[in-house]
Amino acid sequence: MACATSDPEFTMNDTTYDRIYTIVRQIPIGHVTTYGRVATLAGLDGKARLVGYALFKVATDSPEIPWQRVINAKGEISHSSLREGSDYLQRALLEAEGIQFDDRGKLDLKRYGWPTPWA
DNA sequence: GGCTTGACCAATG
DNA sequence: CCATTGGCCAAGC
């Protein structure tokens, strides 16, 4: 099979997941985005559910992906039964990037939202 | 191949 | 603000 692409990251087929990985990797430090936003940027507008599901799978398989910078539309960190207890870890990682959280564990999307400027 | 579950979102009441 | 509903797609059984 002929692979004309020189980039090892784009040698894979443009599957749903590969697009999500690419978007998440482009999130700069100190900024965050929502699942819906990633879905839209990945061409999966309205399918935010896929982002969450796919991202979770790659999170454990691809530590190079800053999945911690992806949160829900409420500007809060989502948590699942499996990740319950690790929610603090995600928050700690974001705080380490200079992101401040509210008492309720929320952050200001207007300030940390990406891509900027936030709508 | 059909049913259930899932890190979601937007709209409605 | 919280609860409920509909939608969308993929993976597991």
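Chain letters run A, B, ... following the sequence lines, proteins first, then strands; residues in each count from 1. Here the structure is a predicted model, which is why all the values come from computation and not from measurement.
Residue contacts for A/Gln68: at a heavy-atom cut-off of 4.0 Å it reaches no nucleic acid atom on any strand shown. Counting any heavy atom pair closer than 4.0 Å across all strands shown, A/Ala59 reaches a base atom. Looking at heavy-atom distances under 4.0 Å, A/Arg104 makes contact with sugar-phosphate atoms alone, never a base.
For the pair A/Leu93 CG and B/dA7 C1', the computed distance is 15 Å after rounding to whole Å. For the pair A/Ile27 CD1 and B/dA7 C1', the computed distance is 14 Å after rounding to whole Å. Rounded to an integer number of Å, the gap from A/Ile20 CD1 to C/dA10 P is 10 Å. When rounded to the nearest whole Å, the span between CG of A/Leu55 and P of B/dC9 equals 12 Å. One atom, CZ of A/Phe56, and another, C1' of B/dT5, lie 13 Å apart when rounded to the nearest Å. Between the OH atom of A/Tyr35 and the C1' atom of C/dA10 there is a distance of 16 Å, rounded to whole Å.
Against DNA chain B, the stretch residues 44-54 of chain A makes heavy-atom approaches under 4.0 Å through A/Ala48, A/Arg49, A/Gly52. Within residues 71-78 of chain A, the residues that have a heavy atom under 4.0 Å from DNA chain B are, in order of number, A/Asn72, A/Ala73, A/Ser78.
Minimum interatomic distance between A/Tyr112 and A/Gln100 (heavy atoms only, all atoms of both residues): OH-N, 3.3 Å. The two atoms that bring A/Phe101 and A/Glu95 nearest to each other are CD1-CG, 3.5 Å, heavy atoms only. In terms of heavy atoms, A/Arg104 sits closest to A/Glu76 at O-OE2, 3.2 Å. Smallest separation of non-hydrogen atoms from A/Arg69 and A/Pro28: CD-O, 3.8 Å.
In this structure, A/Tyr17 and A/Lys106 both approach DNA chain C, and ranking their closest nucleotides by distance from the 5' end singles out A/Lys106.
No continuous path of ILVMFWY side-chain contacts below 4.5 Å connects A/Ile99 to A/Val70, so the two sit in separate hydrophobic clusters. Under the 4.5 Å side-chain heavy-atom criterion for Ile, Leu, Val, Met, Phe, Trp and Tyr, A/Leu109 and A/Ile27 are members of distinct hydrophobic clusters. Residue A/Val58 is not grouped with residue A/Leu50 when hydrophobic side chains (ILVMFWY) are merged at heavy-atom distances under 4.5 angstrom, including chains of intermediate members. There is no path of hydrophobic side-chain contacts, each under 4.5 Å, that joins A/Val24 to A/Phe56.
We find the OG1-CD1 distance between A/Thr33 and A/Ile23 to be 9.0 Å, quoted to the nearest 0.5 Å.
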